[in-house]
Participant: 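Have a look at the structure that comes next, please.
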Amino acid sequence: MTDPPYSAALSDPVGDAPSAGRLGLVLLGGGARGAYQVGVLKAIVEMLPTDAPSPFRIISGTSAGAISAAVIASHAQHLRCGAVNLERVWRNFHVDQVFRADTRSMLRNGLHWLLALLTGGWLARSPRSVFDNTPLRELLERHVNFARIRQALDHGHLDALAINASAYRSALSVAFYSCARDVDPWQHAGRYGTLAELGLDHLMASSAVPFIFPPVSMNGEFYGDGAMRETSPLAPAINLGADRLLIVGVRPPAGPERPSGPFDRDGPTFGQLFGFMLDTLFADGLQADLDRVERDNLLIASVGTAGAGLRRVRALHLAPRDDLGPLAERHADEMPRPLRVLLRTIGAANPGGRTLLSYLLFEAGYTRELIALGYADGLRQREQIQELLLSEP
C-alpha cells in the first residue's frame with residue numbers, strides 16, 4: 001500500500017477544520033540531544049504573552065521528543081509553565097535519572113551478560129538491554145501528568161497528542177494518539193495510527209532505544225524507540241489535522257558531514273559503530289517528508305483544490321547547524337566513572353566515539369549548553385516562528 005499525497009488524502013479523516021487552522025508541533029528523537037528542543041521552546045515562550053496558552057493544537061513526539069511533547073501537552077493551558085518545568089529537569093540532568101550507571105549496577109549487569117554468554121543462557125537469561133532505565137520511568141511518573149493531558153483535550157485547550165513507537169513483531173511505525181474529536185485511525189505503507197488512552201508505557205516504548213533500553217510490552221506486542229521505523233515523521237500531525245507545522249529536530253540538516261573522528265589502524269571500534277548506528281536510527285525521513293509537503297503544495301498552487309479535497313501544509317524546521325559531537329566530547333568527564341570505563345572499553349571515549357556520547361550524555365553541563373544553543377537558534381529565527389504562529393492557512 002503506497003502513501004497518498006499528504007495534502008489530499010491525509011486531510012480526509014479529520015473532517016472540517018476551523019477557519020483559523022491548526023498549528024502542530026513535531027518533536028523528533030535524539031536522546032540527550034533533546035535538550036536542544038527545550039531551548040527552542042524557551043525562545044518561543046518569550047515571543048508570547050506571559051500567561052498565553054500553548055499555540056500548538058496538535059503535538060507529535062518521538063523518543064526523547066515524545067517526553068517533551070507530553071509535558072507541553074499537559075500544560076496546554078499555560079505554555080510557559082510547561083517550558084519552565086521542562087527546562088528545570090533538563091538543566092539539572094544526571095545520567096542516573098535515566099539509567100543506572102553506578103558501580104554496583106554496572107558490575108551486576110556486566111556479570112549477568114558474562115554469565116549468559118558463558119553458559120549459553122542456561123544459568124542466566126539473556127539480558128534484554130545494556131542498561132536498566134527504571135530511573136527514567138520514575139522520573140516520568142513525577143513530571144508527566146496524563147490526567148492533565150486528558151483535561152486539556154476535554155476542555156478544548158488541545159486537539160491531539162501523538163506518541164510514536166515502533167512495533168517489533170509487525171515491524172511497523174505506530175502513532176498512538178488521543179484527541180478531542182473523532183479522528184479515524186489510519187494505515188499506510190509501513191505505519192499506522194491508533195486511538196489510545198496515553199500513559200507512561202507509551203512514553204517508555206517511544207524512548208526504548210534498541211539494545212540500550214529494554215522493549216516495552218503493550219497489548220501482546222513489544223515496542224521500541226519510535227525513530228526506528230519512522231519514515232514519515234510529519235504524518236501523525238498532518239493526519240490529526242495540522243496545516244502548519246513547527247518541527248524541531250536534533251541533527252544538523254543533510255549535507256556534507258564532518259568526520260566523526262579518526263579510526264584506529266584496525267578500523268572503527270564497537271563504540272564508533274554503535275554511535276553510527278544510533279545516528280542512523282535518528283536519521284529520520286524528515287527531509288523526504290519536507291520535500292513531499294513542498295511538492296504537494298506546488299500541486300495545489302498549480303491545479304487548485306476544487307473537488308480534490310487538497311489541503312496546503314506549511315512547515316518550518318529548526319535544528320542545530322553544526323555537529324554536536326565536539327560539544328559532547330568537552331563534557332565527557334561529567335559522566336559517572338563506571339560509565340566512562342565502559343565507553344572507554346568499547347572505544348567510545350575518544351574523538352571517534354563522540355557521536356555515541358552526544359546521545360547518551362545526560363549530564364547538566366552538556367544539556368545546559370544544548371538548551372542555550374536551541375534558545376539562540378529560536379531567537380535567531382524569531383520572525384519566521386512568529387509568522388508561522390500568527391499565519392492562517
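Predicted model only: the values in this text are computed from it and were never measured.
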Participant: Is the charged tip of R33 near the ring of Y359: under 6.0 Å from the six-membered ring centre and within 45° of its axis?
Facilitator: yes
Participant: Do NZ/NE/NH1/NH2 and the carboxylate oxygens of D243 and R57 come within less than 4.0 Å?
Facilitator: no
Participant: Any sub-3.5 Å donor-acceptor pair from S207's side-chain atoms to L203's backbone N or O?
Facilitator: yes
Participant: Evaluate R100 against N133 for side-chain hydrogen bond (donor to acceptor under 3.5 Å, both in side chains), listing each step before the verdict.
Facilitator: CA-CA 7 Å; R100 301 195 190 283; N133 63 344; over 6 Å; no
Participant: Sub-3.5 Å donor-acceptor pair from the side chain of S166 to the main-chain atoms of D225, do we have one?
Facilitator: yes
Participant: What's the shortest heavy-atom distance between D322 and P252, and which atoms?
Facilitator: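 Scanning both residues completely, I find the closest heavy atoms to be O-CG, 3.3 Å.
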Participant: How long is the gap from CG on L324 to CG on L373, to the nearest 0.5 Å?
Facilitator: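 If I round to the nearest 0.5 Å, the distance is 6.5 Å.
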Participant: Looking only at the side chains, is there a donor atom on one of Y223 and D201 sitting less than 3.5 Å from an acceptor on the other?
Facilitator: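 There is no such pair between these side chains.
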Participant: Can you find a heavy atom in the side chain of R91 that is under 4.5 Å from one in the side chain of T367?
Facilitator: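 No - every pair of side-chain heavy atoms lies 4.5 Å or more apart.
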Participant: Indicate whether the side chain of N85 and that of H75 have a donor and an acceptor atom separated by less than 3.5 Å.
Facilitator: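 Yes.
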Participant: Please check if the side chain of E369 supplies one atom and the backbone of L327 the other of a donor-acceptor pair under 3.5 Å.
Facilitator: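 Checked: no pair found.
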Participant: Can a donor-acceptor pair be found, under 3.5 Å and without considering hydrogens, that links the side chain of R169 to the backbone of G220?
Facilitator: yes
Participant: How many angstroms lie between CG in L27 and OG1 in T62, if you round to the nearest 0.5 Å?
Facilitator: 8.5 Å
Participant: CG of L161 to OG of S60: how many Å apart, nearest 0.5 Å?
Facilitator: 8.0 Å
Participant: Do the side-chain N and O atoms of S68 and Q37 include a donor-acceptor pair separated by under 3.5 angstrom?
Facilitator: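 The criterion, which ignores hydrogens and geometry beyond distance, is not satisfied for Q37 and S68.
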Participant: Taking everything shown except Q97 itself, do over 12 heavy atoms lie less than 6.0 Å from its CD?
Facilitator: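 Yes, because the 6.0 Å sphere around CD of Q97 holds more than 12 heavy atoms from other groups.
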Participant: Quick one, V130 and F99 - any side-chain contact, counting heavy atoms below 4.5 Å?
Facilitator: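 No, side chains not in contact.
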Participant: Side chain to side chain contact (heavy atoms under 4.5 Å, CB included) between L139 and F93: does it pass, once the steps are laid out?
Facilitator: CA-CA 11 Å; L139 180 72; F93 239 140; 3.9 Å; yes
Participant: Do E387 and R244 meet the salt-bridge criterion of a basic N to acidic O distance under 4.0 Å?
Facilitator: no
Participant: Taking side chain as C-beta onward, heavy atoms only, is L290 less than 4.5 Å from L234?
Facilitator: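 They are in contact (side-chain heavy atoms under 4.5 Å apart), so the answer is yes.
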Participant: Are V248 and V250 in one and the same hydrophobic cluster, where Ile, Leu, Val, Met, Phe, Trp and Tyr link if side-chain heavy atoms are under 4.5 Å apart?
Facilitator: no
Participant: Spell out, yes or no, whether V84 and V38 are grouped together once hydrophobic residues are joined by side-chain heavy atoms under 4.5 Å, including indirect joins.
Facilitator: no
Participant: Identify whether V341 and F131 are in the same connected component of the hydrophobic contact network (ILVMFWY, side-chain heavy atoms under 4.5 Å).
Facilitator: no
Participant: Could you pull out the closest heavy-atom pair between L318 and G378, with the gap in Å?
Facilitator: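 Smallest heavy-atom distance, with atoms named: CD2-CA, 4.1 Å.
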Participant: Hydrophobic clustering (ILVMFWY, side-chain heavy atoms < 4.5 Å, transitive) - are L298 and V313 grouped together?
Facilitator: no
Participant: Are W186 and Y177, when compared by the centres of their aromatic rings, separated by less than 6.0 Å?
Facilitator: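 Ring centroids of W186 and Y177 are less than 6.0 Å from each other.
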Participant: How far apart are the closest heavy atoms of L360 and V95, and which atoms are they?
Facilitator: O-CG2, 4.1 Å
Participant: Mind checking the CG-CD1 spacing from L158 to I72? Nearest 0.5 Å is all I need.
Facilitator: 11.0 Å
Participant: For S206 and I163, work out which heavy atoms get closest and say how close.
Facilitator: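 What the structure gives for the nearest pair is CB-CG2, 3.7 Å.
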Participant: Before giving the answer on side chain to side chain contact (heavy atoms under 4.5 Å, CB included), spell out for L357 and Y366 the whole-Å C-alpha distance, their side-chain angles and the decisive distance to 0.1 Å.
Facilitator: CA-CA 10 Å; L357 281 175; Y366 176 59; over 6 Å; no
Participant: Kindly list each side-chain donor-acceptor pair under 3.5 angstrom involving residues 42-50, sequence neighbours excluded, with atom names and distances?
Facilitator:
residue	atom	partner	partner atom	Å
K42	NZ	E87	OE2	3.2
E46	OE1	Y375	OH	2.7
E46	OE2	Y375	OH	3.0

Participant: Would you give the length of the straight line joining atom CG of N239 to atom NE2 of H188, rounded to the nearest 0.5 angstrom?
Facilitator: 5.0 Å
Participant: Assess the residue pair I149 and N145 against the criterion (side chain to side chain contact (heavy atoms under 4.5 Å, CB included)); give the C-alpha distance rounded to whole Å, side-chain angles, the decisive distance to 0.1 Å, and a yes or no.
Facilitator: CA-CA 7 Å; I149 294 174; N145 190 327; over 6 Å; no
Participant: Closest heavy-atom contact between P210 and Y168?
Facilitator: CB-OH, 3.9 Å
Participant: Answer whether the closest heavy-atom distance between the side chains of V216 and F222 falls below 4.5 Å.
Facilitator: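 Heavy-atom side-chain distance check fails, nothing below 4.5 Å.
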Participant: If every non-hydrogen atom of F213 is compared with every non-hydrogen atom of A208, which pair is closest and at what distance?
Facilitator: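 Looking at all heavy atoms of both residues, the shortest contact is CB-CA, 4.0 Å.
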Participant: Would you indicate whether the side-chain heavy atoms of L245 and I238 approach each other to under 4.5 Å?
Facilitator: yes
Participant: Just by modelled atom types, is the F56 backbone N or O under 3.5 Å from a matching donor or acceptor in the S54 side chain?
Facilitator: yes
Participant: Is a donor on one side and an acceptor on the other found under 3.5 Å between the side chain of H155 and the backbone of A152?
Facilitator: no
Participant: Kindly indicate, with the supporting measurements, whether the criterion side-chain hydrogen bond (donor to acceptor under 3.5 Å, both in side chains) is fulfilled by H94 and E363.
Facilitator: CA-CA 5 Å; H94 296 291; E363 292 293 340; 3.1 Å; yes
Participant: Please say whether more than 12 non-hydrogen atoms of neighbouring residues, nucleotides or ligands are located less than 6.0 Å from CD in E141.
Facilitator: yes
Participant: I'd like to check L140 versus I67 (side-chain heavy atoms, cut-off strictly below 4.5 Å). Are they in contact?
Facilitator: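 The answer is yes, as the side chains (C-beta and beyond) meet within the 4.5 Å cut-off.
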Participant: Return the CG to CD distance between D323 and E329, rounded to the nearest 0.5 Å.
Facilitator: 10.0 Å
Participant: Consider only side-chain heavy atoms of I, L, V, M, F, W and Y, link residues closer than 4.5 Å, and tell whether L379 and L79 are in one cluster.
Facilitator: no
Participant: Mind running side-chain hydrogen bond (donor to acceptor under 3.5 Å, both in side chains) on S173 and E230 for me, showing each step along the way?
Facilitator: CA-CA 6 Å; S173 176; E230 194 171 49; 5.4 Å; no
Participant: Can you tell me if CG on N219 sees more than 12 non-hydrogen neighbours from other groups inside 6.0 Å?
Facilitator: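 Open.
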Participant: Is the backbone N or O of A171 less than 3.5 Å from a side-chain atom of R229, with the two atoms forming a donor-acceptor pair by type?
Facilitator: yes
Participant: Name all residues meeting the side chain to side chain contact (heavy atoms under 4.5 Å, CB included) criterion together with D291; count only those two or more places apart in sequence or in a different chain, and write none if there are none.
Facilitator: Q287
Participant: Could you check whether any side-chain heavy atom of L28 comes within less than 4.5 Å of a side-chain heavy atom of R251, counting everything from C-beta outward?
Facilitator: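 Sidechains of R251 and L28: no contact.
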Participant: Consider only side-chain N and O atoms of Q151 and H157, and report whether a donor and an acceptor are under 3.5 Å apart.
Facilitator: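 Result is no, nothing qualifies.
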Participant: Can you check whether M335's main-chain N or O pairs, donor with acceptor, with R340's side chain at less than 3.5 Å?
Facilitator: yes
Participant: Heavy-atom count check: over 12 atoms from other residues, nucleotides or ligands less than 6.0 Å from R382 CZ?
Facilitator: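 Atom CZ in R382 is packed in, count exceeds 12.
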Participant: Do you see a donor-acceptor pair shorter than 3.5 Å between the side chains of N164 and R191?
Facilitator: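 Absent: no donor and acceptor within the cut-off.
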Participant: Please walk me through it: do R80 and D51 pass salt bridge (charged side-chain N to carboxylate O under 4.0 Å, His left out)?
Facilitator: CA-CA 7 Å; R80 183 178 297 269; D51 58 349; over 6 Å; no
Participant: Going through the distances and angles, do I59 and D159 end up as a side chain to side chain contact (heavy atoms under 4.5 Å, CB included)?
Facilitator: CA-CA 8 Å; I59 303 176; D159 282 353; over 6 Å; no
